[in-house]
J.: 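Take this structure, written in structure tokens, and hold onto it; I'll ask about it next.
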Amino acid sequence: MTTPTGRSRKRGGTPGKNVTIKDLAAELEVSITTISRALNGYADVGEKTREKIVDAARRLGYTPNRNAQRLVTQRSHSIAWVQSDDDNKFVDPHFVEVMAGVLREARMDQYDIVMTSETPERQLAAYERYVRDGSVDGFIVDLPRPNDPRISFLLEAGVPFVVHGREERSADYGWVDVDNYGNFYNLTKLIVANGHQRFAFINGDERFLYATTRRQAVEDALRDLGLPPETVTYLEGTHPMVEAGFQLTELALADASITAFLYSSILMAAEGVSAVTRAGRTPGRDVMIASMNDELQYLNLAPMEGQITYVRSSLRAAGRALVAEVIGQCERKTMTGTLIPSVFDLGDGVDGEVIVGTVEVV
């Protein structure tokens, strides 16, 4: 077939027309059944055939009819992410970074993210509703707490889900996490090995497991080094970790014996640098600053280069891994745990020989 200009045009590519599965079948000269099974991930379709069909679907702009697809596969290609009804969380850069990864991976795999917020006492009801009506294929659970009731419910329901973090039952479900324990164990050893006898640890909200795990790592590192608990002053921020770094650093600076600061977030560390400078001390010279760095895209760390020792681990990569894990459970019946890699960036003059474990140091 030709256009008025004489150029050939593929079947199924008529402007303004929705490309159907019949168009794909005619284009590729294969059966509608083969097209359907290839696009829905059935194992009886060869990989070369599947790739050919997927490429043609993308080229021609084929979009599956979700309602018809759901009737065949009993899947919605939707993932639920139930949030606590907290206005502050939705402007938290850490959450935004995870969300960016989640949305990108879902788009690449042609899944939808169904996000809703509920008050804490109503969250379980939201999970129950989604499981009961079968409107989603799986769930993302974030900010786990010890013996988290959301995890208990989803385990009992037997549905696909992934947890951003780990609690004591992590062998029973898929998870994505950073090495909270190992990273903060190493950061504590770094501070002590570089000559600091007193330091402050400005942690996140210890209602959540990531923060309690980090505190446990600091305590264990000091114990293993034979140092007394009073070596560290613990200060705790609330969730989300915004606007806490400056105030808590000022509070710790009242103790002149503190010569180092360990932060649970680079966001708090950046504010801490301002507080240290305002107090007339020099970050990276007479005060050591160490921090977790979740690679927040909007935060420019160039002005603080060399002043902070941090361990980098991407929250955006974690977001993508969360979606990949749920899809793996839905489509391939696999369940894994994913540890997002960590990289240590040492500040100027910091000796990193004490770092232990399989981590990269730059």
Side-chain angles (χ1 to χ4, degrees), residues 144-147 165-171 175-237 241 245 248-249 251-253 255-266 268-269 272 283-284 286-294 307-313 337-362:
R145 304 188 188 197
N147 294 305
R166 287 171 284 175
E167 38 97 276
E168 55 272 20
R169 296 167 291 182
S170 60
W175 53 265
V176 174
D177 204 2
V178 64
D179 187 4
N180 287 303
Y181 186 91
N183 289 343
F184 278 79
Y185 186 94
N186 276 316
L187 287 171
T188 301
K189 291 188 69 176
L190 267 178
I191 290 171
V192 173
N194 282 271
H196 301 277
Q197 299 178 355
R198 290 274 293 117
F199 69 95
F201 176 31
I202 299 179
N203 199 9
D205 193 331
E206 293 183 6
R207 293 176 300 166
F208 302 107
L209 277 166
Y210 80 88
T212 57
T213 301
R214 293 174 180 185
R215 177 167 179 151
Q216 186 64 54
V218 173
E219 292 173 350
D220 288 353
L222 292 178
R223 183 201 62 221
D224 293 347
L225 292 168
L227 296 173
E230 55 268 25
T231 299
V232 59
T233 295
Y234 294 100
L235 296 168
E236 177 188 353
M241 291 183 287
L248 294 178
T249 301
L251 184 63
L253 283 167
D255 183 348
S257 68
I258 290 176
T259 59
F261 290 86
L262 175 58
Y263 294 91
S264 201
S265 165
I266 192 65
M268 294 197 295
D286 54 26
V287 174
M288 179 177 176
I289 295 179
S291 178
M292 188 72 204
N293 178 2
D294 295 307
Q307 297 179 4
I308 304 177
T309 289
Y310 48 77
V311 54
R312 289 187 285 113
S313 189
T338 301
L339 200 62
I340 303 299
S342 297
V343 178
F344 279 78
D345 284 303
L346 303 180
D348 293 342
V350 174
D351 182 357
E353 288 188 5
V354 297
I355 294 177
V356 297
T358 56
V359 294
E360 183 180 351
V361 181
V362 296

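For clarity, every value in this text was computed on a predicted model and none was experimentally measured. All residue numbers in this chain count up from 1 along the given sequence.
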J.: Are side-chain N/O atoms of Arg312 and Asn293 paired as donor and acceptor at under 3.5 Å?
T.: no

J.: Show your working on side-chain contact (heavy atoms from CB on, under 4.5 Å) between Val287 and Phe261 and close with a plain yes or no.
T.: CA-CA 8 Å; Val287 174; Phe261 290 86; 3.6 Å; yes

J.: Hey, could you give me the CG/OG1 distance between Asn186 and Thr309, rounded to the nearest 0.5 Å?
T.: 12.0 Å

J.: Return yes if some donor-acceptor pair links the side-chain N/O of Glu236 with the main-chain N/O of Glu206 below 3.5 Å, else return no.
T.: yes

J.: Between Asn183 and Ser342, do the side chains contain an N or O donor and an N or O acceptor separated by less than 3.5 Å?
T.: yes

J.: Would you indicate whether the side-chain heavy atoms of Ile308 and Ile266 approach each other to under 4.5 Å?
T.: yes

J.: Taking all atoms of both residues into account, what is the closest heavy-atom pair of Asp205 and Ala211, and its distance?
T.: O-CB, 3.2 Å

J.: Any idea which heavy atoms bring Arg207 and Arg145 closest together, and the distance?
T.: O-CG, 3.5 Å

J.: Show the nearest heavy-atom pair for residues Ala260 and Ile191, with the distance to one decimal.
T.: CB-CG2, 3.7 Å

J.: Do Phe201 and Thr188 have side chains that approach each other closer than 4.5 Å (heavy atoms only, starting at C-beta)?
T.: no

J.: Between Val218 and Asn203, does a side-chain contact (heavy atoms from CB on, under 4.5 Å) hold up when you go through it step by step?
T.: CA-CA 11 Å; Val218 173; Asn203 199 9; over 6 Å; no

J.: Give a yes or no on this: more than 12 heavy atoms of other residues, nucleotides or ligands lie within 6.0 Å of atom CD of Gln197.
T.: no

J.: State the CG-OH distance between Asp179 and Tyr185, to the nearest 0.5 angstrom.
T.: 12.5 Å

J.: Donor-acceptor pair, distance only, cut-off 3.5 Å: does the side chain of Glu168 make one with the backbone of Asn147?
T.: yes

J.: Using ring pair (Phe, Tyr, Trp, His ring centres under 6.0 Å) as the criterion, list what pairs up with Tyr310, not counting sequence neighbours.
T.: none

J.: First locate atom OG of Ser291, then atom CZ of Phe184, and finally report the distance between them rounded to the nearest 0.5 Å.
T.: 6.5 Å

J.: Output, in order, the C-alpha distance, side-chain angles, deciding distance and verdict of side-chain contact (heavy atoms from CB on, under 4.5 Å) for Met292 and Arg214.
T.: CA-CA 10 Å; Met292 188 72 204; Arg214 293 174 180 185; 3.9 Å; yes

J.: Strictly by modelled atom types, are Thr249 and Tyr263 linked by a side-chain donor-acceptor pair under 3.5 Å?
T.: yes

J.: When rounded to the nearest 0.5 angstrom, what distance separates CD1 in Ile258 from CZ in Arg198?
T.: 5.0 Å

J.: I need the minimum non-hydrogen distance between Ile289 and Pro283, along with the two atoms involved.
T.: CD1-CB, 3.8 Å

J.: Which atoms form the tightest heavy-atom contact between His196 and Met288, and what is the distance?
T.: NE2-CB, 3.3 Å

J.: Please round to the nearest 0.5 Å and tell me the distance separating atom CG of Leu209 and atom CD of Gln216.
T.: 11.5 Å

J.: Please step through side-chain contact (heavy atoms from CB on, under 4.5 Å) for the pair Ile355 and Leu190, ending with a clear verdict.
T.: CA-CA 7 Å; Ile355 294 177; Leu190 267 178; 4.0 Å; yes

J.: Using modelled atom types and a 3.5 Å cut-off, is there a donor and acceptor pairing between side-chain atoms of Thr231 and backbone atoms of Pro228?
T.: yes

J.: Can you tell me how far the CG atom of Asn194 sits from the OG1 atom of Thr259, to the nearest 0.5 Å?
T.: 10.5 Å

J.: Can you check whether Arg166 reaches Leu339 side chain to side chain, under 4.5 Å on heavy atoms?
T.: yes

J.: In chain order, what residues pass the salt bridge (charged side-chain N to carboxylate O under 4.0 Å, His left out) check against Arg223, with sequence neighbours excluded?
T.: Asp220

